[in-house]
Structures are given as structure tokens and as C-alpha cells.
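Reviewing the structure listed below.
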Amino acid sequence: MMERSTAPEAADTYDAAALEKKWQGRWDKNGTNHCDVAFGSRPYYTLMMFPYPSAEGLHVGNLFAFTGNDIHGRFQRMQGHTVFEPMGYDAFGIHSENYALKVGVNPMELIPKNIDNFRRQLKSAGLMIDWRHELSTTDPKYYKWTQWLFLQLLKRGLAYKKKAGVNWCPNDKTVLANEQVIAGECERCGAKVEQRSLEQWFFRITDYAARLLENLNTLDWSESTKTAQRNWIGRSEGADIRFRVVDFLEIAGAATVMRTSTAEMAAVETDITVFTTRADTIFGATYLVLAPEHPLVERITTDDERERVNEYRARTANRDLVARKVTKDKTGVFTGSYATNPATGEPIPIWIADYVLMEYGTGAIMAVPGHDARDFEFAKAMALPIVRVVAAPGDSDKTPLKAPFEDSDDPARLVNSGRFNGMPVSKGKQEIVGWLEEHDRGRPVVNFRLHDWCISRQRYWGPPIPVIYCDKCGTVPVPEKDLPVELPRVNDFRPDDSGVSPLARVESWYRVACPTCGGQARRETDVSDTFLDSSWYFLRYPSVQLQNVAFDPALTQKWLPVNSYIGGNEHAVLHMLYSRFITMVLHDVGLVPFDEPFKQFRAHGTIVRDGAKMSKSRGNVVIPDQYIEQWGADSFRTYLMFLGPFEEGGDFQDRSIAGVRRFLDRLWSSVVEAKRDGKADAAVVRKLHKTIRKVSEDIPKLNYNTAIAAMMEYLNVVRTGARQALVSEVEPLVQLVAPFAPHIAEELWERLGHKNTVFDSNFPAFDAKLAADDIITVAVQVNGKTRGTIQVAPDVSQDGALAAAMRDETIAKFVPGKPARVIYVRGRLLNLVTGDQ
RNA sequence: GCGGGGAUGGCGAAACUGGUAGACGCAAGGGACUUAAAAUCCCUUGGGGGCGACCCCGUCCGGGUUCGAGUCCCGGUCCCUGCACCA
């Protein structure tokens with residue numbers, strides 16, 4: 001044990017590099033960061049979104065997030081919890097693969113190197129990670145269970161295959177999820193995305209839409225994240241309404257004209273179902289529009305129009321998503337057919353147009369140009385009638401519509417709507433849907449904009465989807481005992497535009513015997529989406545050492561759901577939604593006892609540098625290594641937390657790190673030079689307890705910047721007038737600082753004579769009595785303007801405060817006589833209102 | 001277009017349920033120590049006026065509520081961010 005050092009050689013500064021190396025070594029050796037997952041009491045699981053291990057190494061944004069999480073974890077540990085803080089790597093995916101292609105090295109070689117580099121960087125940052133629980137999604141021991149997960153969904157009918165129009169990136173030569181398409185361009189390379197039709201595996205996340213939405217209300221998450229998920233799920237209440245196609249037989253061509261019996265006529269009667277949220281405007285529906293891909297288009301198109309319709313369908317079938325960008329230029333063609341508006345009984349023309357999407361609702365709409373901007377534009381372009389059926393309070397049924405009137409608040413009333421005239425919009429909506437339902441022409445419906453999750457990727461670098469196709473037996477799941485289906489090592493893993501994965505070129509791999517009949521069969525050659533890898537990793541961490549199970553029931557019960565999850569808002573929708581979905585599925589099949597994986601989630605902010613977003617092209621990317629080397633991990637960590645509110649991020653400024661380092665230097669010399677004996681200064685003790693309170697309140701709220709400011713303030717008080725500190729004054733400060741600057745805290749803690757790690761000490765407790773002031777400053781205002789302050793006892797009465805204020809000449813001169821009114825906020829402020837107010 | 005967040009000194013930022021705006025830090029200026037520099041320590045630092053005690057103005061802009069507004073309400077400007085023809 002080192003002797004307590006009060007030696008004069010104690011420098012103004014300390015050797016951060018040597019000291020951090022010493023403690024990182026000590027932590028490793030003593031297993032300080034090990035978490036006893038089996039027996040630890042009061043478990044607390046603190047999770048950070050695991051990084052993609054890029055070749056460039058750890059990004060400062062990663063470290064910002066991890067440090068924030070680490071502080072939280074270390075604090076919880078000092079509150080007596082057994083804290084589990086694991087780390088892993090999200091190493092599959094197109095990003096790694098593209099990089100591997102670029103440098104011409106197989107990702108199987110690249111990724112381990114990147115991971116080693118990440119681990120080294122993470123260790124140098126002094127995170128409280130239990131490395132025995134490290135995982136990588138690319139490890140067959142991990143993706144064995146990713147494949148197993150797929151089989152669980154397949155077994156329950158939640159995974160299915162369908163041919164689907166998918167987003168195809170001609171540059172990356174792969175299918176993209178809707179989410180990876182940004183304004184019609186590939187999220188990664190910016191190429192224009194095309195549409196292709198391929199057989200794909202999907203997960204039925206839409207079955208869970210309502211529940212995914214409902215449960216949000218029960219979660220302690222950043223509000224912005226919940227809102228993003230709500231919008232993504234996109235619930236809307238409306239109605240399906242059936243429109244009967246008019247005179248179908250006569251226009252359907254010679255073959256059908258021959259049919260004459262009424263039975264036959266009934267059989268070919270055709271309805272078009274539309275979805276609308278504005279059933280109240282049905283009297284204003286002057287035409288129908290179908291998506292060009294709508295299956296009924298074929299049947300209702302008349303011979304006269306067929307050529308134009310086919311031409312338009314051909315043109316829009318392969319439409320780029322770029323064309324979907326909101327545009328005022330509406331295009332479309334008439335099918336030649338009419339449908340009856342069930343409200344008015346009038347025939348209205350049926351058009352097709354690409355502004356109606358097949359994927360949403362029924363792929364068909366009733367167009368109400370008077371009250372919908374898109375329909376209005378279309379009607380203008382095609383010279384279709386525009387009818388007013390909703391009027392604002394000042395308007396009549398005749399007021400012309402120069403622009404679409406889209407208000408649906410209740411001051412607006414229905415007009416030109418037969419017996420519904422005069423009704424407020426909401427009531428009209430209800431009544432009209434009811435009326436349609438009675439006549440079997442409609443029913444209330446809820447739609448979600450969430451689509452099923454396409455998990456197929458025609459790529460190399462991912463877990464193969466564990467399915468085998470047999471000519472005799474069809475689609476056969478790989479038996480669980482045969483997992484993992486290992487990704488073969490191949491030299492040529494370039495994607496091509498055949499529409500299939502590079503694995504489809506590896507015959508020795510995909511040719512297998514059918515597990516059922518033993519006949520010749522073929523493996524699925526697509527791999528799964530990276531989001532599947534990351535949708536369950538938090539379940540794997542506690543059980544990562546177990547090879548016979550994806551996640552051990554007892555460990556899962558003990559550690560999950562995750563207590564605190566921290567990550568970037570860029571994953572607020574997809575990763576977080578998919579994780580929730582997978583957890584719900586596992587819950588429903590009885591594999592986990594909860595149906596939400598993350599009790600608490602906080603989105604951290606982003607760090608910009610000198611006011612600009614960091615990017616390679618700007619050359620303003622912060623490489624943590626350099627700063628850690630120059631200033632020490634403790635200073636770097638503390639600075640990152642100090643530069644702004646954790647949930648907002650902030651501006652990284654090189655020169656400001658010096659301030660934090662100076663703080664740690666001062667802490668060092670104050671502690672090293674502190675004396676054991678001496679009289680405690682009441683003012684310092686008071687400040688200490690206020691600081692303890694502030695820091696203990698701020699850390700759980702992730703208000704790290706103000707917690708650090710409070711500690712700085714306290715140290716300034718301790719050092720006022722170059723006084724020598726007492727051990728009793730600085731020892732608690734070492735503990736307060738420990739979550740932020742763990743290495744220096746350990747060293748000082750040891751020098752103060754402690755044998756065990758500071759992280760096994762109890763975080764200092766706040767004592768309200770010791771924090772109480774005996775004299776406080778109260779602001780005095782006259783008519784709301786601050787004119788001075790008074791020093792009074794905290795419990796002084798209003799009269800006492802008033803008397804003290806009137807003794808102050810500066811204040812008194814603004815109060816000519818007796819104040820007409822006095823407002824006294826105990827301990828804060830006294831406001832004197834004079835008569836003329 | 002729709003949703004979310006934001007605008008406070010030269011800079012990063014504080015400010016409890018409305019209650020002394022600018023804590024903490026950076027930068028800058030002055031001083032101490034030093035042969036000198038670095039480091040360290042002390043002082044000053046929102047703008048304007050005054051020798052001074054003090055006074056006036058000030059939280060994106062315009063209104064409002066209130067004894068009192070950075071904070072609440074109405075209207076507007078700008079910035080960042082997510083989704084984008086979802087009927």
C-alpha cells in the first residue's frame with residue numbers, strides 16, 4: 001500500500017499516460033470490470049448501441065456515446081448495483097463489404113483487425129466493459145443464433161417469401177430496404193434507385209403494428225424517438241369504401257358482351273375499394289384513381305384506352321423512386337370506365353396515376369379535388385370537376401374553390417352533401433361511414449404505413465438465410481442441429497447484376513442434400529439484413545459464453561429488459577423498432593418474459609466541430625487517439641461530457657480541452673497536498689454537500705455538463721485563497737469525479753489510503769442539514785426591476801425581509817412611500833410594487 | 001409539404017414548477033513569480049454612460065398575459081434534423 005503522499009514533489013500536473021496505463025493494467029489483472037452475471041445482486045444492465053467496426057477506427061461520436069453510458073454505469077455501480085456493461089461489434093453488412101471490395105481483402109480477414117483496433121481504442125478510453133462478454137455478429141457462434149431466430153419466425157408463419165417490387169441500387173447491385181432509400185437515392189452511394197422484382201424473405205412486422213404503437217406509451221424513452229416511431233408506424237383511421245364499376249359488360253369487350261344471363265352479369269360485377277380518411281367528403285369525390293399496378297386495371301380498361309393505359313403502365317412500372325419525389329406535375333390516364341359514387345349516385349371516371357401508391361391502403365383512392373391538394377392538382381391538370389363539400393364558417397356552398405380547402409376541424413361544415421348538409425366534419429364523417437356500412441358500401445378501417453420487413457440481401461457479407469430448396473419437398477428449413485450455416489470463404493465476393501447473391505456462384509456450397517428426403521437440393525443463397533443481427537444482440541450479451549442456447553432463461557430473466565439504453569437517434573426508427581418487434585415475437589412464443597427490450601432509452605446528441613458537421617471531406621474529423629495521447633483519456637472523456645448537454649451534443653473545440661485538464665491537474669495537486677487534520681470550514685462543507693446533491697441528481701438525468709461545472713465550482717471554493725485542502729474535503733470529490741475520470745480517481749483514491757477500487761466505494765451521500773445555508777441572498781425588485789439584494793436568514797418573514805430591504809438606501813429611494821403591494825418568494829426574491837403600478 | 005429540435009456575451013454554454021440572465025469553461029486584457037519563456041497563481045471581461053455611489057439597454061423579431069417573462073400565450077424569421085404523393 002502506498003503511503004499517503006503530502007510530499008512537496010507533488011507536481012502541479014500529473015502523468016496521465018503512465019497512470020492510465022497502470023490502472024488499465026490493474027483493472028484487467030484484478031477483474032475490476034468483471035460482472036458476475038450469475039450471482040451479482042441488484043443487477044443493472046447498461047447498454048450502448050454497439051458500433052460497426054470501421055477500418056478508420058473508433059469515431060469520436062462513438063466515444064461520446066460510450067463515455068456517457070460508462071459514467072451512468074459507474075455511477076450505478078457506486079450506488080450498489082452489479083452493473084453489466086458489455087461491448088460488441090455490428091460487423092456484418094454492406095458497409096464492411098464495400099470497404100473489403102475497395103481494398104481487395106476478404107472481410108473475414110479485415111474485420112478481426114478492425115475489431116482489434118476498436119478494442120484497443122475502447123480500452124484506452126477506460127470504459128468499464130466486461131470483455132468476457134464481447135461479441136461480434138460475424139462470429140459463427142453468434143450468427144448461429146441469428147439463423148435460429150429466423151427459423152423461429154419461419155416456424156410461426158412470421159417469415160414468408162414473396163415476389164416483390166424492391167428497391168434496387170444499380171451501383172451497389174443489391175436490394176435496399178425502403179429505409180435505405182433517401183429521396184429516391186441509395187443511402188450509401190447516392191445512385192438513383194430502380195425497381196426490380198425478386199423473390200424475397202419478409203417478416204410480418206405489420207402484424208405487430210398496433211402493438212408496437214400502443215406500447216410506446218409505456219416506455220421511458222426520449223420523446224423525439226417515440227414520435228419518430230409513431231410517425232413511422234403511421235396509424236390512420238378511415239374507411240374502405242366500395243365503388244361499383246358502371247356498365248362493366250358493355251365496355252369489357254366483345255367476349256363479355258356475349259354473356260347475357262343476369263347471373264353472369266352479377267358474377268362479373270366489379271367493385272373498386274378505396275381507402276380514405278375523409279369519408280365526410282364523399283359527395284365531392286368526382287373521380288377515382290388506381291395505382292398503375294392495380295390488378296383491376298386490366299379488367300376495367302376499355303379497348304379505346306388500352307393502348308394509352310398500357311403505355312402509361314409500362315412507363316410507371318419501372319418508375320424510379322426519384323419520380324416519386326413530391327411534384328406538382330401530376331400525370332395519369334383515363335381507363336375509359338366509370339364507377340358510381342355511392343353517395344351521389346353519379347358516374348365518375350376511373351383514372352390511373354402514379355401518385356397513387358399500390359403499397360398503401362387499397363392502392364386506389366376516391367379523389368376529392370376540392371379538399372385534397374394532390375387531387376386538386378390532378379383535377380386541374382386533367383380538367384376534372386371540382387366540387388365544394390366542406391365550407392369554412394364564413395363560406396357558403398357556392399363559395400368558389402381557388403385552392404383545395406383541407407381543414408377538417410369542426411368549425412368546418414358539410415355542404416352539397418344531401419342530408420348530411422350542415423354537419424360538422426367529424427360528425428359527418430361518422431354518419432357517412434355508418435350510412436355506407438348500412439348499405440354494405442363501406443366500413444371503418446385502420447391503416448398503417450409500416451411495411452413488412454424485407455430481410456433478404458443479395459450479398460455476401462451476412463449470415464446465410466437457413467433455408468434449403470428441394471424440388472420434391474419445397475422450402476425446407478435447415479434443421480436447428482445443422483446450424484450455423486457457415487458463410488463460406490470465397491475469393492470473389494463481388495455482387496453482380498444477376499439479382500442473386502455472390503453465393504449463388506459457389507456451387508460446392510449451395511448444393512446440399514435435402515434434410516427431409518435426402519435428394520438433391522439447393523441452399524438459399526441470400527443472406528439476411530444486418531438489422532436482424534442487431535435486433536437481438538442485447539439478449540445474447542449475458543449468455544455469450546453459452547454455446548447450447550441463444551440466451552439462457554435465468555440470465556435473461558435476471559438482466560433484461562435493459563435498464564438503460566443509449567444510442568444515436570439515427571437508429572431511433574429501424575433498429576429500435578425491429579428490436580422491439582423481435583422481442584415481442586420471442587415473448588409471444590414464450591421465450592422471454594417481457595415484450596419490450598429497453599425500459600429506458602436516451603438519444604445522445606451529435607458532436608460537431610467548430611460549428612460544422614464532421615466529415616472526411618471537410619477534414620475536421622476528430623480522431624480520439626491523438627487527444628487521448630495528448631491530454632489523457634480522463635481529460636478527453638470529461639471534456640466530451642462538458643462540451644454540451646449529452647442529449648444535444650455540442651461543439652468540439654480543441655482549445656477547450658485544456659480547461660478540463662487544468663481542472664484535473666488542480667484536483668491532483670489539491671488531493672496530493674491535502675492534510676489529514678485541521679478544522680473544517682463550514683462554507684466548504686456546505687458547498688460540498690450542495691455539490692454532492694447536484695452531481696447525484698445530474699448523473700441519472702445525463703446532465704453531465706452541469707455536474708462537471710458543479711465539481712469545478714466546488715474545487716474553486718476549496719482552493720480559494722490558495723488554501724491547503726483537508727482530506728475530508730477532497731476525498732468525496734475524488735468519488736464524485738470517478739465516473740468521469742476513472743483513472744485519476746483510482747490513483748488518488750489509492751493515495752488517500754484505500755485498498756479497494758473506488759468503484760466499490762459508496763457514492764457520497766448528501767446531507768440536507770449540512771447543505772443548509774444560515775444566511776441567504778434575496779433579490780429585491782421594485783416594480784419587477786432588480787434594485788439590489790439583502791442578506792437574511794433563510795426563514796426570514798416577509799416583514800423581516802421588507803424591513804431589511806428598506807434599510808438599503810439604493811432600494812429605498814425607488815420606493816417613495818409604503819409599497820402598495822409586496823410579493824415575497826421565500827428564499828428567492830422580494831418584489832415591492834409602488835402605488836402607481 | 002408534414003413531424004421533431006433549436007436561436008442567450010468574442011466562443012462552448014448555465015438558469016429549479018415564471019423569480020438577481022450569463023454559473024462553469026475557453027479565448028482575450030492586466031498583474032505576480034521568472035534573467036526570459038512555458039507552466040502556475042491573482043484580477044478584469046454582455047453593450048453603453050458616469051470620477052464615483054450608481055443609471056440605462058440587453059436572451060432571433062413583433063405583439064400579449066403577469067408584480068415579474070430567456071422561460072407561458074399569439075403571430076413571424078432563420079437554422080439543424082427526420083419523413084416525404086401514406087389518400
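Because the structure is a prediction, the values reported are computed rather than measured. Letters go in sequence order (proteins before strands), and every chain restarts at 1. When reading the values below, keep in mind they use all heavy atoms of this one structure, side chains included, and skip hydrogens, waters and symmetry mates.
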Please tell me if [X] has a side-chain N or O lying less than 4.0 Å from either OP1 or OP2 of [N].
X: A:R821; N: B:C67; answer: yes
X: A:R719; N: B:C41; answer: yes
X: A:K226; N: B:G82; answer: no

TODO: Taking the six-membered ring of A:F636 (Phe, Tyr or Trp), confirm whether the NZ or CZ of A:R661 is under 6.0 Å from its centre and within 45° of its axis.
DONE: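 Relative to the ring axis of A:F636, which defines the angle, A:R661 lies outside at least one limit.
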- [ ] Taking the six-membered ring of A:F378 (Phe, Tyr or Trp), confirm whether the NZ or CZ of A:K330 is under 6.0 Å from its centre and within 45° of its axis.
- [x]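 No cation-pi geometry.
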Pairwise [atom1] distance for [N] and [M], with rounding to whole Å:
N: B:A37; M: B:A32; atom1: P; value: 11 Å
N: B:G3; M: B:C16; atom1: P; value: 28 Å
N: B:A15; M: B:U71; atom1: C1'; value: 9 Å
N: B:C56; M: B:A7; atom1: C1'; value: 26 Å
N: B:G25; M: B:A14; atom1: C1'; value: 11 Å
N: B:G70; M: B:G22; atom1: C1'; value: 11 Å
N: B:A21; M: B:G47; atom1: C1'; value: 14 Å
N: B:U8; M: B:U59; atom1: P; value: 12 Å

Counting only side-chain heavy atoms from C-beta out, which of [options] sits nearest to [X]?
X: A:R666; options: B:C16, B:A87, B:G25; answer: B:G25
X: A:M712; options: B:G25, B:U20, B:A87; answer: B:G25
X: A:T276; options: B:C83, B:C67, B:A87; answer: B:A87

Open item on the list: So if I apply the side chain to side chain contact (heavy atoms under 4.5 Å, CB included) rule between A:T789 and each of A:V778, A:T777, A:I776, which one comes out positive?
Closed with: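 Single side chain to side chain contact (heavy atoms under 4.5 Å, CB included) partner of A:T789 among A:V778, A:T777, A:I776: A:T777.
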Could you list the protein-to-nucleotides 12-15 of chain B atom pairs, N/O on both sides, closer than 3.5 Å?
residue	atom	partner	partner atom	Å
B:G12	O2'	A:L643	O	2.8
B:A14	OP1	A:N705	ND2	2.8

Base, sugar-phosphate or nothing for [X]? Non-hydrogen atoms, less than 4.0 Å.
X: A:R787; answer: sugar-phosphate
X: A:R662; answer: sugar-phosphate
X: A:D372; answer: nothing
X: A:N716; answer: sugar-phosphate
X: A:E713; answer: sugar-phosphate

Open item on the list: Quick check on A:E809: does its CD atom have over 12 non-hydrogen neighbours (other residues, nucleotides or ligands) under 6.0 Å away?
Closed with: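 No, the 6.0 Å shell around CD holds no more than 12 heavy atoms from other groups.
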TODO: Classify the glycosidic conformation of B:G50 as syn or anti, calling it syn when the angle lies within 90° of 0.
DONE: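 B:G50: anti.
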Open item on the list: For A:Y639 together with A:W631, are the ring centres under 6.0 Å from each other?
Closed with: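 Here the rings of A:Y639 and A:W631 have centres that are no less than 6.0 Å from each other.
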N/O donor to acceptor pairs below 3.5 angstrom from side-chain atoms of residues 281-292 of chain A, sequence neighbours left out:
residue	atom	partner	partner atom	Å
A:T281	OG1	A:R278	O	2.7
A:T286	OG1	A:P385	O	2.8
A:Y287	OH	A:D375	O	3.0

Listed pairs under 3.5 Å, donor-acceptor, residues 692-704 of chain A side chains, sequence neighbours left out:
residue	atom	partner	partner atom	Å
A:K694	NZ	A:D698	OD2	3.2
A:S696	OG	A:I692	O	2.5
A:D698	OD2	A:T706	OG1	2.8
A:D698	OD2	A:A707	N	3.3
A:Y704	OH	A:G68	O	2.7

